[in-house]
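One structure is given below, encoded as structure tokens.
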2 protein chains.
Amino acid sequence: MREQKLGTHDCIQLVPIFKQLTTVELQQVSAIVHEHVYEKGETLFNAGDEANQLTIIAAGQAKVYQLAANGREQLLYLLQSGDFDGEAALFNPVTRTSYAEALVPTQVCSIQRSDFQTLLARAPQLALGILNEFGKRISQLEGKATSVTTSSIGGRLADYLVETAASFPAQTMFTLPLQKKEIAVYLGTTPETISRKLNEFQTAGWLKKGHGNQIAILDADQLALQD
Amino acid sequence: MREQKLGTHDCIQLVPIFKQLTTVELQQVSAIVHEHVYEKGETLFNAGDEANQLTIIAAGQAKVYQLAANGREQLLYLLQSGDFDGEAALFNPVTRTSYAEALVPTQVCSIQRSDFQTLLARAPQLALGILNEFGKRISQLEGKATSVTTSSIGGRLADYLVETAASFPAQTMFTLPLQKKEIAVYLGTTPETISRKLNEFQTAGWLKKGHGNQIAILDADQLALQD
DNA sequence: TTACACACTTGATCCAAATCAAGTTTACTT
DNA sequence: AAGTAAACTTGATTTGGATCAAGTGTGTAA
């Protein structure tokens, strides 16, 4: 795959929270955005860092891990183009409790707290876009917190698969975007269990495993019915 | 305990998201706020309802339960004075996936979506207060999602106890604000397990059980170290 | 004060999933 | 194409916590 270079203007247009802005306002945004391209495996930010900027994924993909008190870590988000993180930093100086790593070469736009506050005063409707994104993220997290305590591993894996498959054509083979080890961390289980459950689902005729990390969903409805 | 009646103006001043507003703006808010007092056990809103308002707890306490696909439920929030819910409703019409119930007689301020949008256009700095609250809630949910998958029941219970005890003087007896059954639902476990873990903690000398639902934390540090 | 309904506790059993331990593939390097 | 390290699979065993089943408190209403 060839890496696609994007100009600053294009980069910003991609980001949903800037959708409501006029051309003039977009230019103001361009002026305060810093861009950086991270290589695969590079760290976007670290736990313990003082967070003072909003980090927006312009192109690429990054994993965000949260560190628990006992040292274990939990994969919180898989950031795609247009997603952002660090929003808490925009109002108060806080210390990050998570760290992020680029999964593939990733282009990032970042905005400093002070710049952001100036911008927000000038373009208040920007707040609407952010509120909207926040709302979505809260719903997503509420769902995750609920499913983790009310469903079995099988159910959570099934949900994850159906969700992930949604961005591919129905019934076709696709490659899982994460390794089994990482899916396991994301769902709060182990690679062994993922392996076994996938076999069960295949035996039941709900999916088909292919080479490497490829699978095809055959019966999304049955999968979704799993507890 | 005597129920305290509050006027509309007082009610609104209590709410953190309205803190940044001027007196004039507060009056505009007053004009669009609807107030209602719910009795203990009454339903504030139901899953399946179309959500079209922001619900703010002015005085009292309410539980918010999220319903999982398989019918099980999860206690998501214990709303206190000043907390709000339904924020997703302020931008898009959505169907609620949670329901809320008053724990004690509870005074609620609500704002309709259309009214809110008009207000926001007139007082954009209101968005800042909301963004701030959203940020806090996201952090809280991230923490919960993480602890549920990385800690054992003992660790989660210990965290819950230490957190809850934080609002009482150190080392003294206090009454848990929820029944064991509800603590169990909140932590994703059962009353039996709560009972047993509390005994373990008492045997270890980290806390002391009293009458009814009373406990005293003796060694918060040791509790916090629990996995 | 008695009675009745709940909340809570305690014990016995069971089970889903973690852990431990080899193998086997897959994919990358030279 | 061969060599190696990592990812994955499969099997055996263990275990934390759920579930089931009696009890014992506790608070409330007559």
> Do the rings of B:F201 and B:W206 sit parallel, tilted or perpendicular, given the 30° and 60° boundaries?
Replying inline: tilted
Please write out the pairs of protein N or O atoms and N or O atoms of nucleotides 10-15 of chain C separated by less than 3.5 Å, giving the distance to one decimal.
residue: C:dT10; atom: OP2; partner: B:N199; partner atom: ND2; Å: 2.5
residue: C:dG11; atom: N7; partner: B:R196; partner atom: NH1; Å: 3.0
residue: C:dG11; atom: O6; partner: B:R196; partner atom: NH2; Å: 3.4

>> Rounded at 0.5 Å granularity, tell me how far CD in B:Q214 sits from CG in B:L176.
In response: 9.0 Å
> Angle, rounded to 10°, between the helical axes spanning five pairs at each terminus of the helix from C:dT1-D:dA30 to C:dT30-D:dA1?
Replying inline: 50°
> Which one of A:V64, A:L67, A:L75 satisfies the side-chain contact (heavy atoms from CB on, under 4.5 Å) criterion with A:S98?
Replying inline: A:V64
>> Under 4.0 Å from OP1 or OP2 of D:dG17: is there any side-chain N or O of B:K197 that close?
In response: yes
> Mapping A:G210 and B:G212 onto DNA chain C by nearest heavy atom, which one lands closer to the 5' end?
Replying inline: B:G212
> What is the distance, rounded to the nearest whole Å, between atom CD1 of A:I153 and atom P of D:dG16?
Replying inline: 17 Å
> From C:dT9, D:dC8, D:dT26, pick the nucleotide closest to the side chain of B:H211?
Replying inline: D:dT26
> Separation of B:L198 atom CG from C:dT9 atom P, in whole Å?
Replying inline: 7 Å
> Do NZ/NE/NH1/NH2 and the carboxylate oxygens of A:D159 and A:K144 come within less than 4.0 Å?
Replying inline: no
> C:dA7 P sits how many Å from B:I183 CD1, rounded?
Replying inline: 13 Å
> Once you round to the nearest 0.5 Å, how far does CD1 of B:I217 lie from CD of B:Q171?
Replying inline: 9.5 Å
>> Rounded to whole Å, how long is the line connecting atom CZ of A:R156 with atom C1' of C:dA17?
In response: 10 Å
> What's the NZ-P distance between A:K180 and C:dA17, to the nearest Å?
Replying inline: 18 Å
> Does C:dA7 have OP1 or OP2 sitting under 4.0 Å from an N or O in the side chain of B:K181?
Replying inline: yes
>> If I take atom SG from residue A:C109 and atom CD from residue A:E35, how far apart are they, to the nearest 0.5 angstrom?
In response: 4.5 Å
> Which part of the nucleic acid, if any, lies within reach of A:G188 when heavy atoms closer than 4.0 Å are counted: base, sugar-phosphate only, or nothing?
Replying inline: sugar-phosphate
> When you measure from the centre of the six-membered ring of A:Y77, is the NZ or CZ of A:R137 under 6.0 Å away and within 45° of the axis?
Replying inline: yes
>> What's the separation between atom CD1 in B:I153 and atom NZ in B:K197, rounded to the nearest 0.5 Å?
In response: 8.0 Å
> Taking the side chain of B:T190 as heavy atoms from C-beta outward, which of C:dA18, D:dT19, C:dA17 is closest to it?
Replying inline: D:dT19
>> Any salt bridge linking B:R156 with B:D227? Criterion: basic side-chain nitrogen under 4.0 Å from a carboxylate oxygen.
In response: no
> Whole-Å distance between C:dT26 C1' and A:Q179 CD?
Replying inline: 12 Å
>> Between C1' on D:dT26 and CG on B:L176, what's the gap in Å once rounded to a whole number?
In response: 16 Å
> Under 4.0 Å: is that the gap between some side-chain N or O of A:T189 and OP1 or OP2 of C:dA18?
Replying inline: yes
> Roughly how many Å is it from CG in A:L157 to P in C:dA18, rounded to a whole number?
Replying inline: 12 Å
> Do B:K63 and B:Y186 meet the cation-pi criteria used here (NZ or CZ under 6.0 Å from the six-membered ring centre, within 45° of the axis)?
Replying inline: no
